[in-house]
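Proteins get letters first, then strands, A, B, ... in listed order; numbering begins at 1 in each.
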Protein chains: 2
Amino acid sequence: MSNVTLLPDDIAPIENVPLRVQVANRLRSAILSGRLRPGSGLVETALAEQMNVSRAPIREAIQILENDGLVETIAYKGKRVKPLTAREVAETYSLREVFEVMAVRRILDSGVPVDALHEYCEAMNAAAAADNYDALTAADEAFHHALIRLADHDLLLASWKNLYLRIHQIMALRNRDERNLQQIASNHPPIVKALEDRDADRAIALISEHTRALAAFDPATIVQDL
Amino acid sequence: MSNVTLLPDDIAPIENVPLRVQVANRLRSAILSGRLRPGSGLVETALAEQMNVSRAPIREAIQILENDGLVETIAYKGKRVKPLTAREVAETYSLREVFEVMAVRRILDSGVPVDALHEYCEAMNAAAAADNYDALTAADEAFHHALIRLADHDLLLASWKNLYLRIHQIMALRNRDERNLQQIASNHPPIVKALEDRDADRAIALISEHTRALAAFDPATIVQDL
DNA sequence: AGGTTGTGGAGTGTCGACAATCCATAAGTG
DNA sequence: CACTTATGGATTGTCGACACTCCACAACCT
């Protein structure tokens, strides 16, 4: 029987995820959510015991997070969640701006349709109306992710994703109350409009303005490290 | 005696480099020099025996190279030097162009002096005159490295360095004979001139043109992989 | 005190052995 | 013959133990 395609698909797709990946995912989500703050020490033996695995997968997981730029190792001394300086935050956002502008340029050059972006704008409006911070954040990320994907540039996408990890972390460490959800949501439709109008200068100006506004938002909050 | 600063400085500064780093360095240079071609398999046990270390540092070294984007792992099957597609080559150069344009913008915005760049131009001219391919390549990299550093943006610098690894590899795989050393060397002084003139548009145009010329150069050579 | 030299603990670095997985190929089965 | 099921080799994944490095602090000289 080669085509037994009709199982109850509930528990069908078993995945065999190496421990290091599971560990890395859990640590990453802890860092991105802010539960593990910048500067926190990561002790292999402690983590190994806590997660009930040996040190090897812990080490490899930590190295994966190092690639993500979320953790740093000081040889023979220890590993810790990379501290976030105000400068790094600023640099992260300025690089993001360059990435998104590059994406806009490529989208307009290629003439690919941008209809897909409307969907995310609506999701953001709904989230803002419901005053749902998490939903708005998710929709915002989905919007920008879709924008980058439209640029059809794998390396740009990978670089953007890596950069966005840090943005995720930064946002989790911010004070939520100070954000104006309505305003963030309302930033995006004009960008889509400019893209549909094939107005490169306006689209780029809007994207730049948008990312700069986010960057300017209270970077001082997170620099109580070290 | 705290200040015994007068030893024969021959064998003074002992460094204690972890094995994984030594292994990673050797493998990296093998890849960047083209001795390990894209697609080559990397077998942990073989490397371990060959280098006379255990598999642990080999594994960690390979993971470091994975972060560099030079190696890829297929779980339970093997690791290999990441194959280079024509698309990847093109994407690498286009991202490099964006990085360098960003650097130019920042340099002109900040008003930092660019005198340091002349030195590298001269080195390139000398190398071109001597028909020394390696020296020209090194001087070219030094020029662009210096340019990025002038932008005073750590994250940009790190991203550029990572990207340049692949460029290093690509150049090593190209056919050297087809390059016109004189012309490459002559590309750079006008860029410095435009920077000194604070002519943003001209500087950006020149940098873009320069990196695009490099990108267009024979990318087909290296796609005999897989 | 000022300076040097042990010493112990915390943590990472390295090792060798064993388990799990995948793939190709062979062996069985109607 | 078409199809399934063993089997074995190659390679990665995981483990537990031991070695090394670093740092802080005490002990010791002068």
Side-chain angles (χ1 to χ4, degrees), chain A residues 1-7 12-28 36 39-67 70-83 226, chain B residues 1-7 11-28 36 38-67 70-83 226:
Chain A
M1 300 199 226
S2 60
N3 48 354
V4 194
T5 54
L6 308 172
L7 330 181
I14 293 183
E15 295 180 24
N16 197 343
V17 183
L19 282 184
R20 58 159 178 256
V21 176
Q22 297 182 42
V23 172
N25 288 343
R26 282 173 60 172
L27 287 178
R28 178 165 34 232
L36 269 176
S40 308
L42 298 175
V43 179
E44 295 174 1
T45 52
L47 293 172
E49 192 173 358
Q50 209 168 326
M51 300 200 188
N52 204 37
V53 297
S54 90
R55 273 180 56 219
I58 300 280
R59 281 176 70 83
E60 302 190 345
I62 288 180
Q63 235 193 336
I64 291 175
L65 297 178
E66 231 176 318
N67 310 4
L70 298 175
V71 169
E72 70 182 0
T73 294
I74 304 163
Y76 293 106
K77 286 198 58 180
K79 335 225 175 187
R80 61 174 179 178
V81 181
K82 207 166 168 183
L226 248 180
Chain B
M1 300 200 227
S2 60
N3 48 356
V4 194
T5 53
L6 308 172
L7 329 180
I11 321 148
I14 293 180
E15 294 181 25
N16 195 344
V17 182
L19 283 184
R20 59 160 179 256
V21 176
Q22 299 182 41
V23 172
N25 288 342
R26 282 173 59 174
L27 287 179
R28 180 167 28 234
L36 269 176
S40 308
L42 299 174
V43 179
E44 295 174 0
T45 52
L47 293 172
E49 193 173 356
Q50 208 168 325
M51 300 198 188
N52 203 37
V53 298
S54 89
R55 274 179 55 218
I58 300 279
R59 282 175 69 81
E60 301 190 347
I62 288 181
Q63 236 193 338
I64 291 175
L65 297 179
E66 231 176 316
N67 310 1
L70 299 175
V71 169
E72 69 183 359
T73 294
I74 305 163
Y76 292 107
K77 286 197 59 179
K79 334 225 177 188
R80 62 174 179 179
V81 181
K82 206 166 168 183
L226 246 182

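- Summarising the geometry, the separation between CD on A:Gln63 and C1' on C:dT12 is reported as 13 Å, rounded to the nearest angstrom.
- B:Ala24 and B:Ala61 make their closest contact through N-CB, 3.5 Å (heavy atoms, listed as atom of the first residue, atom of the second, distance).
- The salt bridge (Lys or Arg N to Asp or Glu O under 4.0 Å) check on A:Glu72 picks up A:Arg80, with sequence neighbours excluded.
- Taking A:Ala48 as the reference, A:Arg55, A:Ile58 meet the side chain to side chain contact (heavy atoms under 4.5 Å, CB included) condition, with sequence neighbours excluded.
- Whole-Å rounding puts the A:Ile74 CD1 to C:dA10 C1' distance at 15 Å.
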For nucleotides 9-11 of chain D, give me every protein contact, N/O to N/O, under 3.5 Å, one pair per line with atom names.
none

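- Put simply, CD on A:Glu72 is 15 Å from C1' on C:dT12, counting in whole angstrom units.
- In the region residues 48-57 of chain A, proximity to DNA chain C at under 4.0 angstrom, judged on heavy atoms, holds for A:Arg55.
- Nucleotide C:dG11 holds its C1' atom 15 Å from the CG atom of B:Asn16, rounded to whole Å.
- Summarising the geometry, atom CZ belonging to A:Arg26 is positioned 5.0 Å from atom CE belonging to A:Met51; distances are rounded to the nearest 0.5 Å.
- DNA chain D lies under 4.0 Å from no heavy atom of any residue of residues 18-26 of chain B.
- With hydrogens and angles ignored, the 3.5 Å screen pairs no side-chain donor or acceptor of A:Thr73 with any backbone N or O of A:Ala75.
- Summarising the local packing, CD of A:Gln22 is surrounded by more than 12 heavy atoms from other residues, nucleotides or ligands at distances under 6.0 Å.
- Contacts classified as salt bridge (Lys or Arg N to Asp or Glu O under 4.0 Å) and involving residues 56-65 of chain B (residues at least two apart or in different chains) are given here: A:Arg59-B:Glu60, A:Glu60-B:Arg59, B:Arg20-B:Glu60, B:Glu44-B:Arg59.
- Between B:Arg59 and D:dT12, a side-chain N or O to OP1/OP2 separation shorter than 4.0 Å is absent.
- The CG-C1' distance, from B:Leu47 to D:dT12, rounds to 13 Å in whole Å.
- Between A:Ile62 and A:Val71 the shortest heavy-atom distance is CG2-CG1, 3.8 Å.
- Once rounded to the nearest 0.5 Å, the distance linking CG of A:Leu36 with CG of A:Leu70 reads 10.5 Å.
- Atoms CG and CD1, from A:Asn25 and A:Ile64 in turn, are 8.0 Å apart once rounded to the nearest 0.5 Å.
- Side-chain atoms of B:Lys79 and B:Ile74, non-hydrogen and from C-beta on, never get closer than 4.5 Å to each other.
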